[in-house]
Amino acid sequence: MTITSNAGNEAQASGRLVVLRHGQTVWSESGQHTGRTNIPLTEVGRQQARDAGERLRAAFPKGFEESCIFSSPLLRARQTAELAGFSGNQTLDSIMEWDYGRAEGRTRQELSRQFGSTWDVWRDGPQSLPAELEGDWIAQMPSGEQVPVHNGPGESLEEAAERTQQAIAMVMPLLQSGQDVLFVAHAHILRILTSQWLGVEPQFARLLRLDTAHYCVLSQYKGDRVIEHWNA
């Protein structure tokens, strides 16, 4: 996909909000819900992050001011930001991944088989799952690393959307001053954030595909908030 950006256009009145998903993890490949579990990037994910940095520098040759770069505090997002060349970024709790609660570390297929009906995070939400799934356990990575997993009640889609509204509000002064802002975070929360940027219901986010280490550009056009580029 060829991306043409006029990010350096001096006549631009408002900055762009650029959102970058982290690179591949073991669980992004297996389909296990990865909310707050702190798992690292795979080697493939690390290279994806470097490649994403090159694409972003080509599309935004003027780069991003340090004060305009934010990442989720979770390891996979911080690693992606650093490998993409955006070290020294500020962490922002409001762009942490959706808290999947009782679904954390489990696949949709596993949950559906266990309970005899199709479970969908967008339709049903984490809190629809039985409370007996709550607890703490240890996941072993292929490297042998052991990672703690917590299954709590989780958060609703609406609660996650409210967090993203806070993130947008926080950077609006930067955007209004003409600065481009970069968020490095996670697939679901960035899709939800996009729905809130557009002013539509958060369920719309399920229709937006966002691949590992791909970025999107949100901007304003003739007074409307729009998607300028997607999944680049």
Side-chain angles (χ1 to χ4, degrees), residues 19-53 69-112 114 119-122 125-127 129 133-155 157 159-160 163-164 167 182-193 205 208-216 231:
V19 299
L20 171 65
R21 182 187 176 186
H22 64 76
Q24 182 196 85
T25 68
V26 171
W27 283 7
S28 71
E29 285 300 281
S30 65
Q32 290 166 265
H33 286 85
T34 320
R36 305 303 173 81
T37 305
N38 233 356
I39 63 176
L41 299 179
T42 62
E43 283 305 314
V44 169
R46 294 173 68 86
Q47 186 58 52
Q48 287 179 334
R50 296 185 191 99
D51 294 343
I69 303 172
F70 303 87
S71 83
S72 158
L74 294 169
L75 178 61
R76 57 196 185 275
R78 289 189 287 108
Q79 287 181 326
T80 298
E82 291 166 7
L83 290 165
F86 303 110
S87 57
N89 59 82
Q90 306 166 73
T91 58
L92 189 59
D93 287 350
S94 53
I95 56 173
M96 291 177 72
E97 182 59 296
W98 190 354
D99 184 350
Y100 299 122
R102 298 160 186 166
E104 184 75 11
R106 300 176 168 110
T107 66
R108 176 184 177 182
Q109 292 78 11
E110 176 187 351
L111 291 164
S112 297
Q114 186 170 355
W119 179 83
D120 180 81
V121 68
W122 294 103
Q127 294 162 342
L129 293 168
L133 287 178
E134 293 186 21
D136 297 282
W137 51 285
I138 299 296
Q140 184 153 329
M141 301 291 106
S143 65
E145 179 184 0
Q146 294 188 326
V147 177
V149 181
H150 174 68
N151 293 110
E155 65 181 339
L157 176 56
E159 288 168 333
R163 282 198 287 116
T164 69
L182 176 64
F183 282 168
V184 185
H186 315 270
H188 277 180
I189 204 65
L190 292 177
R191 293 158 67 189
I192 294 166
L193 181 146
L208 299 172
R209 172 174 170 168
L210 181 53
D211 296 324
T212 49
H214 280 59
Y215 74 88
C216 311
N231 210 29

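What you are looking at is a predicted structure, and each value in this text was computed from that prediction instead of being measured.
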Enter the distance from Leu41:CG to Thr80:OG1 here, rounded to the nearest 0.5 Å. 4.0 Å

Distance in Å, Leu210 CG paired with Leu20 CG, rounded so as to fall on 0.5 Å steps: 8.5 Å

Using every non-hydrogen atom in the two residues, find where Leu92 and Pro73 come nearest and quote the distance to one decimal. O-CD, 3.5 Å

Within the distance-only criterion (no hydrogens, no angle test), does the side chain of Arg50 pair as donor or acceptor with the backbone N or O of Leu83 below 3.5 angstrom? no

To the nearest 0.5 Å, tell me how far Leu74 CG sits from Thr25 OG1. 11.5 Å

Taking Glu104 for its side chain and Gly35 for its backbone only, find out whether a donor-acceptor pair lies under 3.5 Å. yes

Report, one line per pair, each donor and acceptor closer than 3.5 Å where one atom sits in a side chain of residues 136-144; sequence neighbours left out.
unit_1, atom_1, unit_2, atom_2, d
Asp136, OD1, His150, ND1, 2.7
Trp137, NE1, Asn151, OD1, 2.6
Ser143, OG, Glu145, N, 3.3

Does any N or O in the side chain of Ser28 come within less than 3.5 Å of the main-chain N or O of Gln24, such that one atom is a donor and the other an acceptor? no

Please check this pair: side chain of Arg163 against backbone of Met96, looking for a donor-acceptor N/O pair closer than 3.5 Å. yes

Given 3.5 Å as the limit, does a donor-acceptor pair link the side chain of Ser112 with the main chain of Gln109, or not? no

Donor-acceptor contact below 3.5 Å, side chain Ser71 vs main chain Ile69: no

Trace of the side chain to side chain donor-acceptor pair (under 3.5 Å) decision for Gln79 with Arg76: CA-CA 5 Å; Gln79 287 181 326; Arg76 57 196 185 275; over 6 Å; no

Interatomic distance, Leu193 atom CG to Phe183 atom CZ [nearest 0.5 angstrom]: 6.0 Å

Value for CD (Glu82) from CG (Asn89), rounded to nearest 0.5 Å, stands at 7.0 Å

Determine the minimum heavy-atom distance between Thr91 and Ser72, stating which atoms define it. CG2-O, 4.3 Å

Which distance, rounded to the nearest 0.5 Å, do you find between the CG of Leu111 and the CG of Leu129? 5.5 Å

Please confirm whether the backbone N or O of His186 pairs with a side-chain atom of His22, one donor and one acceptor, at under 3.5 Å? no

Quick one: do Leu190 and Cys216 satisfy side chain to side chain contact (heavy atoms under 4.5 Å, CB included)? Show the steps, please. CA-CA 9 Å; Leu190 292 177; Cys216 311; over 6 Å; no

Closest approach of Ala77 to Ala185 (non-hydrogen atoms, all atoms of both residues): CB-CA, 4.2 Å

Evaluate Arg108 against Asp120 for side chain to side chain contact (heavy atoms under 4.5 Å, CB included), listing each step before the verdict. CA-CA 7 Å; Arg108 176 184 177 182; Asp120 180 81; 3.4 Å; yes

Go through Glu29 and Thr42 one step at a time and tell me if the side chain to side chain contact (heavy atoms under 4.5 Å, CB included) criterion holds. CA-CA 10 Å; Glu29 285 300 281; Thr42 62; 5.9 Å; no

Residues pairing under side chain to side chain donor-acceptor pair (under 3.5 Å) where one sits in residues 92-103, two or more places apart or in two chains, turn out to be Glu97-Tyr100, Tyr100-His188, Arg102-Glu134

Option among Val184, Asn231, Thr212 that satisfies the side-chain contact (heavy atoms from CB on, under 4.5 Å) test with Arg21: Thr212

Any donor-acceptor pair under 3.5 Å from Arg191 side chain to Arg209 backbone: no

